[in-house]
There are 2 protein chains.
Amino acid sequence: MLDPPLPKPPSPLDALRPSLAFRWRTATEFVEATLKAAILDGRLPGGTPLRQEELAARFGLSRMPVREALRQLESQALIDVLPHRGAVVTEISAADAADTYAIRRALEPAALRLSIPRLSDHALRDAAALIDEMDAEQEAGRMGLLNRRFHMTLYAAAGHPRLLALAEQQLIAFDRYLRFHLASQGRAHMAQEDHRAMLEAARARDTGTAIAVLERHLDTAAGTIARFFATRGGVTEAS
Amino acid sequence: MLDPPLPKPPSPLDALRPSLAFRWRTATEFVEATLKAAILDGRLPGGTPLRQEELAARFGLSRMPVREALRQLESQALIDVLPHRGAVVTEISAADAADTYAIRRALEPAALRLSIPRLSDHALRDAAALIDEMDAEQEAGRMGLLNRRFHMTLYAAAGHPRLLALAEQQLIAFDRYLRFHLASQGRAHMAQEDHRAMLEAARARDTGTAIAVLERHLDTAAGTIARFFATRGGVTEAS
DNA sequence: TAACGTAATATTGGATCCAATCAACGACCG
DNA sequence: CGGTCGTTGATTGGATCCAATATTACGTTA
């Protein structure tokens, strides 16, 4: 006789939400973007094993684009890949957060220093608009994007594309921690005072002040995350 | 009638020297390491197209490990990959050199500041030994490795593995320019005075002096490369 | 009973084949 | 004669199949 339909075992991969809103150039890019978004959101917590076969089935593709996407994610330090043993979502931790902050603390002031003298009025207006958008935004996911765009808008005039790409990559990595930061503050807002002060200093071409504000901004954020990990002790990544 | 044996057309890939000295874990790692070494040496100059088929034939492998290796190199900014159009060795330029230096100038002082208070006597002895090795070394290829190891030895106590990995990656990228630096100085030696001064300051736990020396070290190196490009105008990468 | 060695299985790494895309060339039309 | 559109060749992207490797479980032995 027929067995009752198997209750399909729940999988962490159920959290994947492939976005078909775009025409991705290649399947690899599609898989990479989808996995990346899920990891940064926290929908795929640290430690989640990523089996190529399972992912391929989810995406309706073969294992090949999945393999290439996993390689890309590995180079972004979002997953750990061990030869012949597979990929696992990188664990988050207080130490890793501090690591990310140390890098941001080094790169972003340097970018800002190079950028401020060359910032256009157009860029300054864009930055102001992004602050307003952040005031209005409620969704945590988009908040990371807006915060990232605000910072990058201020740095973009620095030239030095590799420096900017690195800075942006670290901002993206920080998105994994941003939710904790927001949760700790009990509200869905960034430290907008710092943002406004940075923009003001940039408008006045006061590089020294802008950098001082940025460094304080990063230090307080690092402190908030550190306290969060200290109180919560463990990880408990999922919402 | 039979044609005379074709004089095999010379290819930039003739410069590849696959090292069979190691047992590589996977074929992908083997291809990646070989290509990387050739690019950093300057044996594969900027602009060289890298055809998957041709590389696969050279290595006696299929195109698959070549594809994965190219992805890895792309993530290290050593090659540019355009979808459906193939990979090309990244061009070097005065602007790119300045970009790399801007990153090093941001990351390495930060790493040094974190590291010096925690440096062990063992690490200090290692660094001293590396300075002596550099004095004796004549080969340009190994000089890059020794220079890298010296710097990383001083930074290693910083913890923050991601920061250290980034710093090392930039040091590696700098290898592409190191030959020009050495050529400009008319001798096969690094600025060993700076290295010795950094080590002395580190021994004395004088973080401020060590960072000042490091920043001067990087600034003079950047200046040397900039002058080199200014005089030579073009690229002319190959030895 | 514990430890070691061996076999079975699951999973990734690599090879081969097919499809999609891009560039170049040439024909057609204005 | 110039520009545009279709066709063809070269090259990469993706699918499928096979091989190598690591982990697990099991059985044997000290």
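Everything quoted here is computed from the prediction, not taken from an experiment. A note on names: the letters A, B, ... follow the listed sequences, proteins ahead of strands, and every chain is numbered from 1.
- Nucleotide C:dT21 holds its P atom 13 Å from the CD atom of A:E29, rounded to whole Å.
- Between A:R25 and A:P83, the residue anchored nearer the 5' end of DNA chain D, judged by the nucleotide with its closest heavy atom, is A:R25.
- Among the protein residues, B:L50 comes within range of the sugar-phosphate backbone only, with heavy atoms under 4.0 Å from sugar or phosphate atoms but none that close to a base.
- In this structure, A:W24 and A:V31 have side chains that are not in contact, with every pair of non-hydrogen atoms separated by 4.5 Å or more.
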Run the side chain to side chain contact (heavy atoms under 4.5 Å, CB included) check on A:E133 and A:R142 step by step: do they pass? CA-CA 10 Å; A:E133 282 192 66; A:R142 267 187 65 80; 3.6 Å; yes
### Task
Could you check A:L73 against A:K36 for side chain to side chain contact (heavy atoms under 4.5 Å, CB included), going step by step and ending with a plain yes or no?
CA-CA 7 Å; A:L73 295 173; A:K36 184 169 173 175; 4.0 Å; yes
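- Proximity of B:L70 to B:I79: side-chain heavy atoms (C-beta onward) are separated by under 4.5 Å at one or more points.
- Between A:F228 and A:Y177, a ring centre-to-centre spacing not shorter than 6.0 Å is recorded.
- Rounded to whole Å, atom P of C:dT21 lies 17 Å from atom CH2 of A:W24.
- Taking every side-chain heavy atom of B:R85 into account, C:dC22 is the closest of D:dT12, C:dC22, C:dG14.
- Counting heavy atoms from C-beta outward, A:E68 and A:E32 have side chains that stay 4.5 Å or more apart.
- In this structure, A:L70 places its CG atom 14 Å from P of C:dT11, rounding to the nearest Å.
- When side chains are defined from C-beta on, A:L40 does not count as touching A:L178, because their heavy atoms never get closer than 4.5 Å.
- Summarising the geometry, the separation between CD on A:E54 and P on C:dT11 is reported as 9 Å, rounded to the nearest angstrom.
- In this entry the distance linking CG of B:L82 with C1' of D:dT12 reads 12 Å, nearest Å.
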Quick test: give all pairs of protein nitrogen or oxygen and nucleotides 15-20 of chain C nitrogen or oxygen below 3.5 Å, distance rounded to 0.1 Å.
from   : atom 1 : to    : atom 2 : distance (Å)
C:dA15 : OP2    : B:S62 : N      : 2.9
C:dA15 : OP2    : B:S62 : OG     : 2.7

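- For the pair A:L55 CG and D:dG14 C1', the computed distance is 16 Å after rounding to whole Å.
- B:T28 has no side-chain polar atom (N or O) that falls below the 4.0 Å cut-off from OP1 or OP2 of C:dG13.
- In terms of phosphate contacts, A:R51 brings a side-chain nitrogen or oxygen within less than 4.0 Å of OP1 or OP2 of C:dT11.
- We find that CG of A:D80 is positioned 16 Å from C1' of C:dT12, with the value rounded to whole Å.
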